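These notes concern the structure reproduced below.
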Amino acid sequence: KKIANPEYVDEEALYSYADFGFIGFDLWQVKGGTIFDNIIITDDKSEADAFAKKWKALSEVEAAKKKEEDEAKKAETPETKSEDK
């Protein structure tokens with residue numbers, strides 16, 4: 001049952017602020033070592049698109065570098081054969 005509230009005023013801009021001094025994130029990690037970076041908060045679509053384009057290029061470079069490092073580590077580590085056990 002709804003109870004009338006004569007003092008209620010619908011505020012369309014309730015979450016709209018001219019400026020944010022701080023922002024916080026409450027994150028839960030299932031797997032340790034997770035990194036959160038490259039976060040953007042904007043209401044400008046063109047700014048978000050430019051950021052996404054820049055992030056994608058950086059992400060591809062980072063992924064390639066990680067693959068190189070993983071392959072180098074794998075080449076350094078001798079494989080263990082099941083016969084040796």
Side-chain angles (χ1 to χ4, degrees):
K1 180 177 176 180
K2 291 186 178 182
I3 300 172
N5 182 353
E7 295 178 22
Y8 175 78
V9 178
D10 187 23
E11 180 64 54
E12 290 188 26
L14 181 64
Y15 301 105
S16 179
Y17 295 94
D19 185 30
F20 283 93
F22 301 93
I23 188 160
F25 294 95
D26 183 11
L27 304 170
W28 287 69
Q29 292 187 45
V30 176
K31 179 181 175 186
T34 303
I35 298 171
F36 295 90
D37 64 351
N38 300 324
I39 298 170
I40 183 172
I41 299 172
T42 184
D43 62 353
D44 184 339
K45 184 175 180 339
S46 62
E47 182 181 11
D49 289 343
F51 181 86
K53 184 178 178 180
K54 180 180 174 183
W55 177 85
K56 183 177 180 189
L58 177 61
S59 177
E60 289 170 354
V61 169
E62 289 175 343
K65 185 66 176 171
K66 181 170 182 347
K67 184 177 179 182
E68 280 180 26
E69 290 176 2
D70 289 347
E71 288 173 355
K73 283 181 186 176
K74 187 176 179 182
E76 290 175 4
T77 305
E79 293 185 28
T80 305
K81 295 181 181 180
S82 59
E83 299 169 3
D84 295 339
K85 291 183 180 178

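Note that the structure is predicted; figures quoted are calculated from it, not measured.
- I39 and F25 make their closest contact through CG2-CZ, 3.9 Å (heavy atoms, listed as atom of the first residue, atom of the second, distance).
- For S16, there are no side chain to side chain donor-acceptor pair (under 3.5 Å) partners, not counting sequence neighbours.
- The number of heavy-atom neighbours closer than 6.0 Å to CG of D43, taken from other residues, nucleotides and ligands shown, is 12 or below.
- Grouping Ile, Leu, Val, Met, Phe, Trp and Tyr residues whose side-chain heavy atoms lie under 4.5 Å apart, directly or via other members, places L14 in a hydrophobic cluster with Y15.
- With sequence neighbours left out, Y17 forms a ring pair (Phe, Tyr, Trp, His ring centres under 6.0 Å) with F20.
- The stretch residues 48-62 participates, sequence neighbours left out, in these side chain to side chain donor-acceptor pair (under 3.5 Å) pairs: K45-D49.
- A search for salt bridge (charged side-chain N to carboxylate O under 4.0 Å, His left out) contacts involving D70 returns K66, not counting sequence neighbours.
- Residues passing the side chain to side chain donor-acceptor pair (under 3.5 Å) test with N5, sequence neighbours excluded: none.
- A distance of 15.5 Å separates CD1 in I3 from OH in Y8, rounded to the nearest 0.5 Å.
- The shortest heavy-atom contact between T42 and A48 is CG2-CB, 3.9 Å.
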